[in-house]
Amino acid sequence: MKNAFAIVTLSALMATHAMAQTPVAPANAAAGPSTAAPVAPQEEGAESKAGAKEDAKAEGLPKVELSSDLLYKLTKAEMEFKSGQWQGPYVTMMVAAQQTRDPRLARRASEMALSAKQGGEALAAIRLWRELAPDSDEATQFFLGFVVLTDKIEEAEPIFAERLANAPAGARGVALFQMQQILSRSNDKLYAYSMVTRLVQPYLDMFEAHLVLAQGALSIGERERAIGEANKALAIKPNSELAVLTLAQVTGEPEAAGKVLATFLQKNPDAVEVRGAYARLLVEQKQLEPARDQFLLLLKSQPDNVGGLYALGIVALQLEDTKGAEQYFKRFLAVLEKSPGDTRDPFKALMILSQIAETRGDTAGAIAWLDKVDNSASSGYVEARLRRAQLIARGGNLDAARKALTEIETDDPASQAQVLLVDAQFLRDAGYVQSAYTVLENALLRFPDNPELLYDYALLAERLDKLDLMEASLRRVMVLAPDNQHAYNALGYSLAERGIRLEEAHALIEKALQMAPGDPFIMDSMGWVQFRMGNLAAAENALRRAYAVRSDPEIAVHLGEVLWQKGDKEEAQKLWRDAQGKDPKNEALKSTLARLNVSL
């Protein structure tokens, strides 16, 4: 519960604030422009044609008669593009754009080239689009975004200069921020900064110009220069929240940034954005109670601030104040429900409220909160539905839990595989090993290359003594997910447990341990294979380290057996008694005591 909140870093926080204060820059050119296809004239009645011509005239578009030949070419190009081809459709759109002088067709050509990751062709199409629509801000934005990401960044300078010069005085600050945002994507940070320095010279009486210079200086590692520029911006506009947030960002040290923000708040107590940033910075520094005080002040001025309510809920959780957290999250959801235009997903808050209810033993309440995640479009819909089924299974109603799984609606193959995996886990935990195995066997017919399914399938195969199948499945996991340490560990432990191919078992476990050196269960496997190889000192060392990390009954059983073999029977029995107290039904403990003829 304490770790439910991913703390925002200072740089991310400041970047978020800057984005909120300035217009959204054009989409990253590498990702491509909007996928909306150009609006081609339709072959309809005379009235529709007349209307289309009037619309074209109003938008400054050319009057183009849609001949049957042109319609055929455009339709064929779109069909070929949808089938996976790009070159022919791209050429068709480019030729048609040049012939008709319609910028929408050039734009479509750029979309096709970008989708196919063909940079040169995309740039050619964007150039043509801009040529055909010289007054289109969108075309210019895409052109700028594209050349900045390539080695043609110098082409952007005259365009930026013209845009700044032609911008109305009241909009020039926004234009400066937009320029900086586009140039921040350049790989050549030094050239981008030198360009910014030249472009802002006529506007150094504006605080925005100095903020742009501060960001540029920071991007090339010139922190002192960045601090100087941010201070110049504050000198021009002392009450600017954006200026002080920039200064806090470029200082680099959280403690120094905190002092900057706190000093500003003393003079400007109503600065909402700065107070929110200061509160989050305090969270980042683990100063939770002062952070809560700042969020409360923020909430006092804005009682329905959903961000503040959510943050207070998280801070309360970290302070182990579950009652307070519950109240804040409930208010967060209530305010969100009254704001239909707010696109925030309530999923995380609902999950946390469910966890709080579960922690106090209120399973019905936990399920009720999960039931509110009823929108399959929610980012956490499948996770919530799976968790709901798990809670039902934990209550002992296996049939209802499995039925809940069948009601999960998802078209995502990974999520469908996860549902089947959980179904098999329900059956396995209930003791129906063969049924669980059958579920996974059928699941793998649908998803043969799913590493999670294969891994659990391998473990069930081992329990059913299908050892060759177990090994083949784990080796398949190693191929599909070579960084999956559990597959190496599982196979190595299985070999060690059976006392066969011990050198190979050691190598497999060693590889797993290299991937996850702090994993106590892999340490346990290493201790066990060392024990099987007769290396009692190395076995004890590995198992003691594992048990120090996690006092798991299974590890205690293994360490106890090593100590028993070394003659330290008193400590071995103490470990076994501890394991028995934690898990009286532990099969490994029972079999070990029976094999060694030990009575606790």
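All of these numbers come straight from a predicted model, not from anything done at the bench. In what follows, every heavy atom counts, from backbone to side chain, and hydrogens, waters and symmetry copies are set aside.
With hydrogens and angles ignored, the 3.5 Å screen pairs a side-chain donor or acceptor of Arg275 with a backbone N or O of Pro269. Looking only at distances, a side-chain donor or acceptor of Glu241 sits under 3.5 Å from a matching main-chain atom of Glu273. Panel note: side chain Thr251, backbone Ala248; a donor-acceptor pair is recorded below 3.5 Å. Listed for the His210 side chain is no donor-acceptor partner under 3.5 Å among the backbone atoms of Asn231. Looking only at distances, no side-chain donor or acceptor of Ser115 sits under 3.5 Å from a matching main-chain atom of Met112. In terms of modelled atom types and a separation under 3.5 Å, the side chain of Gln416 and the main chain of Thr410 share a donor-acceptor contact.
The two atoms that bring Phe207 and Ser240 nearest to each other are CE1-OG, 3.3 Å, heavy atoms only. Contact detail for Leu211 and Ala233: the closest heavy-atom pair is CD2-CB, 3.5 Å. The heavy-atom pair separating Arg185 from Val148 by the smallest distance is C-CG1, 4.3 Å. Of all the heavy atoms in Ala277 and Leu261, the pair that sits closest is C-CD1, 4.2 Å. Across all non-hydrogen atoms, the minimal contact from Leu454 to Pro448 is CD1-O, 3.7 Å. Taking every heavy atom of both residues into account, Pro103 and Pro62 meet most closely at CD-CD, 4.1 Å.
The side-chain heavy atoms of Met93 and Leu74, taken from C-beta on, include a pair separated by under 4.5 Å. In this structure the side chain of Leu297 reaches within 4.5 angstrom of the side chain of Gln294, judged on heavy atoms. Looking only at side-chain heavy atoms (C-beta outward), Leu199 and Leu164 come within less than 4.5 Å of each other. Between Tyr191 and Glu154, the closest side-chain pair of non-hydrogen atoms falls below 4.5 Å. Within the 4.5 Å cutoff, the side chain of Val274 has no heavy atoms near those of the Asn268 side chain. With contacts defined as side-chain heavy-atom distances shorter than 4.5 Å, the pair Arg475/Tyr488 does not qualify. Looking at Tyr381 and Ser415, their side chains never come closer than 4.5 Å, going by heavy atoms from C-beta outward. Gln418 is listed as a side-chain neighbour of Leu421, based on a closest heavy-atom distance under 4.5 Å.
Annotation for Gln201: atom CD counts as buried by contact number, over 12 foreign heavy atoms lying within 6.0 Å. A 6.0 Å sphere centred on CG of Asn166 holds more than 12 heavy atoms belonging to other residues, nucleotides or ligands.
Take Phe143 and apply the ring-ring contact (aromatic ring centres under 6.0 Å, His included) test, not counting sequence neighbours, and it matches no residue. By the salt bridge (charged side-chain N to carboxylate O under 4.0 Å, His left out) test, Lys189 pairs with no residue at all, sequence neighbours left out. Judged as a salt bridge (charged side-chain N to carboxylate O under 4.0 Å, His left out), and not counting sequence neighbours, Asp188 has no contacts. Glu121 is linked by a salt bridge (charged side-chain N to carboxylate O under 4.0 Å, His left out) to nothing, counting only residues two or more places apart in sequence or in another chain. Checked against salt bridge (charged side-chain N to carboxylate O under 4.0 Å, His left out), Asp483 has no partners two or more places apart in sequence or in another chain. Residues satisfying the ring-ring contact (aromatic ring centres under 6.0 Å, His included) test with Tyr193, not counting sequence neighbours, are none.
Electrostatic pairing of Glu155 and Arg127 counts as a salt bridge here, judged by a charged N lying under 4.0 Å from a carboxylate O. Under 4.0 Å is where a charged nitrogen must lie from a carboxylate oxygen, and between Lys82 and Glu78 no such pair does. Salt-bridge formation is not detected for the pair Glu409/Arg385: no Lys NZ or Arg NE/NH1/NH2 atom is positioned less than 4.0 Å from an Asp or Glu carboxylate oxygen. By the 4.0 Å N-to-carboxylate-O rule, Arg163 lies close enough to Asp137 to be salt-bridged with it. Salt bridge status for Glu383 with Arg387: absent, with no side-chain N to carboxylate O gap under 4.0 Å.
In this model, no donor atom of one side chain and acceptor atom of the other lie less than 3.5 Å apart for Asp342 and Ser339.
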>> Go through it in stages, so that I can follow the logic: the residues are Lys259 and Glu253, the test is salt bridge (charged side-chain N to carboxylate O under 4.0 Å, His left out), and I'd like the CA-CA distance, side-chain angles, deciding distance and then a yes or no.
In response: CA-CA 10 Å; Lys259 288 179 180 178; Glu253 293 296 328; over 6 Å; no

> Under the salt bridge (charged side-chain N to carboxylate O under 4.0 Å, His left out) criterion, do Glu284 and Arg280 qualify, and how do the steps go?
Replying inline: CA-CA 6 Å; Glu284 185 181 338; Arg280 287 173 173 79; over 6 Å; no

>> Run Tyr310 and Phe329 through ring pair (Phe, Tyr, Trp, His ring centres under 6.0 Å) and show every step you take.
In response: CA-CA 6 Å; Tyr310 186 85; Phe329 284 123; 5.5 Å; yes

> So Arg476 and Asp449, salt bridge (charged side-chain N to carboxylate O under 4.0 Å, His left out) or not? Walk me through it.
Replying inline: CA-CA 8 Å; Arg476 180 62 179 156; Asp449 292 333; 2.8 Å; yes

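Atom-to-atom distance recorded for Ile153:CD1 and Ser194:OG is 8.0 Å, nearest 0.5 angstrom. Between the CG atom of Leu71 and the NZ atom of Lys76 there is a distance of 13.5 Å, given to the nearest 0.5 Å. To the nearest 0.5 angstrom, Glu229 atom CD is 11.5 Å from Thr246 atom OG1. Here OG1 of Thr343 is found 9.0 Å from CG of Leu336. Values are rounded to the nearest 0.5 Å.
Taking the six-membered ring where the residue is Trp, the centroids of Phe142 and Trp129 are separated by under 6.0 Å.
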